Amino acid sequence: MERHLHDRFTQRRINGEWFGFRRVADPVQEIAEAADELLRQFGESNPDHE
């Protein structure tokens with residue numbers, strides 16, 4: 001999951017483990033959707049985010 005999120009948001013990397021989401025209305029939602037994207041690949045999902 002961590003590798004997927006790092007790869008998905010590589011363009012937002014500021015330094016090391018820090019990522020910038022300044023211009024995103026809801027960063028938590030964007031990250032949750034990216035996590036769900038990975039989980040769907042394995043036949044899993046979080047119904048709270050669908």
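Predicted model, so just to flag it, every value in this text is computed and none were measured. Computed from heavy atoms alone, side chains included, the values below leave out hydrogens, waters and symmetry copies.
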Residue set satisfying salt bridge (Lys or Arg N to Asp or Glu O under 4.0 Å) with R13, at least two apart, ordered chain then number -> none
Would you call R12 and E30 a salt bridge, taking side-chain N to carboxylate O under 4.0 Å as the test? yes
Any side-chain heavy atom of F21 sitting closer than 4.5 Å to one from I31? yes
Which atoms form the tightest heavy-atom contact between H4 and A34, and what is the distance? NE2-O, 3.0 Å
What I want to check is whether the side chains of Q41 and E37 have a donor and an acceptor closer together than 3.5 Å. no
ILVMFWY cluster membership beyond W18 - transitive side-chain contacts under 4.5 angstrom: I14
With sequence neighbours left out, what residues match R3 under salt bridge (Lys or Arg N to Asp or Glu O under 4.0 Å)? D7
Answer yes or no: is there a side-chain heavy-atom contact under 4.5 Å between V24 and Q29? no
Are F9 and M1 linked, directly or through other ILVMFWY residues, by side chains that come within less than 4.5 angstrom of each other? yes
Distance (rounded to the nearest 0.5 Å) between T10 OG1 and F19 CZ: 7.0 Å
D26: which residues meet the salt bridge (Lys or Arg N to Asp or Glu O under 4.0 Å) condition with it, sequence neighbours left out? none
Which residues satisfy the side chain to side chain contact (heavy atoms under 4.5 Å, CB included) test with E17, sequence neighbours excluded? E2, H6
